[in-house]
Protein chains: 2
Amino acid sequence: MGAVIVRAVICLVCLAWPGATAQGAPSLSYLSKVTDLVLNHEPDPLTLSPTPSPSLTFTLPPTIVPNPPTKYGVVLFPAFEMLDVFGPLEVLSWAARLHEKLDLYLLAETLDPVTTQPQSAAMNTFNSSFFPTVNPTHTFDDNPELDVLIVPGGLGTRNPNMDRTLQFISSTYPRVQYLITVCTGSALVAQTGILDGRRATTNKASWDSVIVNGPNTTWVPEARWVVDGNIWTSSGISAGIDATLAFVAELYGKENATVISEYMEYEWHEDSDWDPYAEIWGVV
Amino acid sequence: MGAVIVRAVICLVCLAWPGATAQGAPSLSYLSKVTDLVLNHEPDPLTLSPTPSPSLTFTLPPTIVPNPPTKYGVVLFPAFEMLDVFGPLEVLSWAARLHEKLDLYLLAETLDPVTTQPQSAAMNTFNSSFFPTVNPTHTFDDNPELDVLIVPGGLGTRNPNMDRTLQFISSTYPRVQYLITVCTGSALVAQTGILDGRRATTNKASWDSVIVNGPNTTWVPEARWVVDGNIWTSSGISAGIDATLAFVAELYGKENATVISEYMEYEWHEDSDWDPYAEIWGVV
């Protein structure tokens with residue numbers, strides 16, 4: 001319970017006063033000071049004070065890496081799986097609120113809205129119209145500087161005309177610090193050869209159809225996510241949330257990831273070996 | 001394990017052949033027939049066959065309610081919380097793939113893209129640019145027929161200029177079968193008076209600032225979600241996924257909700273009393 005109070009106090013302050021930067025575990029003297037301030041002010045943690053006191057500025061200890069990633073790119077294509085994108089982005093948006101300046105680049109072939117609708121009628125058996133669209137911020141040709149590239153999955157990964165997307169992944173990977181795949185996004189990355197000689201995992205319900213794309217990859221059948229060098233591959237859909245929380249823990253500090261999971265009221269699976277879906281979908 | 005196989009078989013068939021409709025638990029003779037077909041064809045569950053056999057058409061038993069909801073509306077406003085929207089929509093999009101024709105209406109004041117960016121600079125402490133935008137399909141004035149209205153939360157619920165949104169919720173509620181709130185979305189609904197005399201819950205980190213909007217509501221501090229009549233209110237952010245899975249179980253059948261949670265690789269909290277966040281955020 002003590003740790004919970006400490007975490008809550010850190011968050012309240014980070015949210016309440018723009019001068020605060022939450023980087024790693026704070027010192028005890030800092031926490032004592034902050035506790036008094038919080039108890040006196042009691043801000044709503046989701047409402048940032050519109051009139052912050054300029055005197056309330058703090059610097060928390062640095063992150064566990066000197067210069068953590070700040071520029072995140074997400075590849076969008078028709079029939080991407082919506083939670084593959086918005087699960088990880090929800091996690092990172094909290095880091096962008098609580099921790100430091102983060103920039104998001106949503107990348108697609110053009111700036112036209114990208115639909116979640118499958119391009120084949122046979123992939124929409126009941127003729128449902130249940131397909132939100134999302135707007136890219138940049139095209140693949142804009143070639144922005146990125147620190148992290150996120151590749152989601154979805155029915156669209158089976159599109160035979162993904163050349164431009166594969167080309168973008170292939171040319172961007174050497175320029176980023178980290179590559180993260182969610183769900184069947186690993187099928188796209190595998191097609192570029194980037195996963196050759198690596199350990200990786202993917203969606204368990206689509207296991208066979210994904211792994212054929214990476215014959216030179218060591219596919220790990222029972223894993224919530226797998227880290228090999230600077231490549232993080234996660235299992236199906238919701239696993240992207242756990243992998244991103246683990247990524248935040250690794251690069252911005254464990255405390256930060258825990259607080260984010262608590263704001264999200266998300267039961268974070270911290271163990272990358274946790275994977276009941278491998279058995280459910282017959283992969284093991 | 002038997003149940004798992006049965007579930008997998010149902011899914012494989014629903015996904016593989018457009019003629020199939022999955023409504024509730026199938027008969028044993030149906031399953032036997034389907035099992036043979038699946039074993040012979042082994043389709044990738046996320047890849048719907050582009051050339052389905054026209055002879056492979058089945059009708060599964062009906063849902064547990066005669067005419068389950070098919071028209072879902074989601075209220076969008078600036079600075080909505082992204083997972084409040086895309087968590088429930090991910091669940092429902094699987095029902096739209098696996099079960100029957102569902103239609104989605106994303107409703108906002110205008111058809112302009114709706115941003116997740118807070119409108120106050122003070123709510124973006126680090127000046128992050130981490131704000132995806134989503135496109136409405138309809139305006140509030142379009143007044144489409146809906147079966148279910150979903151109201152997400154987010155920093156935008158604190159916007160003092162939400163009159164048109166509140167008016168839309170207020171005028172739409174009497175015309176829908178069900179109202180679902182996620183996170184601080186309940187603060188908006190409470191302001192309309194719709195929650196008066198009802199039991200409800202909300203985000204635990206923002207508890208105090210939400211419940212003041214519903215002085216005549218019985219707020220339940222420890223709950224993943226609460227059902228009172230035709231109103232489903234859920235706790236913070238990720239709780240919207242559990243509430244929507246419970247909603248699917250209630251109206252389309254438990255088996256369907258379980259399969260969806262397995263495709264999503266999401267550890268479904270089936271117990272509405274499960275709520276560690278009430279203690280973490282000091283509500284109990």
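Letters go in sequence order (proteins before strands), and every chain restarts at 1. Just the heavy atoms: all of them, side chains too, but no hydrogens, waters or symmetry mates, feed the values below.
Among the candidates B:Pro136, B:Pro276, B:Ser128, B:Pro132, the residue making the largest number of heavy-atom pairs closer than 4.5 Å to chain A is B:Ser128. Interface summary for chain A: among B:Ala239, B:Pro113, B:Ser235, the most heavy-atom pairs under 4.5 angstrom belong to B:Ser235. Put simply, of A:Val85, A:Asp208, A:Asn135, A:Thr157, the one with the most heavy-atom pairs under 4.5 Å next to chain B is A:Asn135. Of the listed residues (A:Leu102, A:Leu83, A:Asp84, A:Leu92), the greatest number of heavy-atom pairs within a distance under 4.5 Å of chain B belongs to A:Leu102. Interface summary for chain A: among B:Leu106, B:Asn127, B:Thr116, the most heavy-atom pairs under 4.5 angstrom belong to B:Asn127.
With values rounded to the nearest 0.5 angstrom, B:Tyr263 atom OH is found 7.5 Å from A:Ser206 atom OG. Separating the CE atom in A:Met82 from the CE atom in B:Met82 is a distance of 15.0 Å, to the nearest 0.5 Å. Here B:Gln117 contributes atom CD and A:Ser93 contributes atom OG; the two are 12.5 Å apart, rounded to the nearest 0.5 Å.
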Exercise. For A:Ile237 and B:Trp94, run side chain to side chain contact (heavy atoms under 4.5 Å, CB included): C-alpha distance rounded to whole Å, both residues' side-chain angles, the deciding distance at 0.1 Å, then the answer.
Key: CA-CA 12 Å; A:Ile237 307 184; B:Trp94 278 97; 3.8 Å; yes
Practice problem: Just do the side chain to side chain contact (heavy atoms under 4.5 Å, CB included) check on B:Glu90 and A:Phe86 with the steps written out, would you? | Solution: CA-CA 10 Å; B:Glu90 176 73 34; A:Phe86 288 102; over 6 Å; no
Quiz item: Where do A:Leu89 and B:Phe130 land on the side chain to side chain contact (heavy atoms under 4.5 Å, CB included) test, with the steps shown first?
Solution: CA-CA 8 Å; A:Leu89 289 191; B:Phe130 214 92; 3.8 Å; yes
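Neither the backbone nor the side chain of B:Thr115 has a heavy atom closer than 4.5 Å to any heavy atom of chain A. For A:Phe131, the part sitting under 4.5 Å from any heavy atom of chain B is the backbone (N, CA, C, O) and nothing else.
B:Ala96 and A:Asn124 get closest at one heavy-atom pair: O-OD1, 4.5 Å. Across all their heavy atoms, A:Ser238 and B:Tyr266 have their closest contact at OG-CB, 3.3 Å. Closest of all the heavy-atom pairs between B:Glu267 and A:Tyr277 is N-OH, 3.2 Å. Contact record, A:Glu265 with B:Lys204: OE2-N, 2.9 Å, taken as the closest heavy-atom pair.
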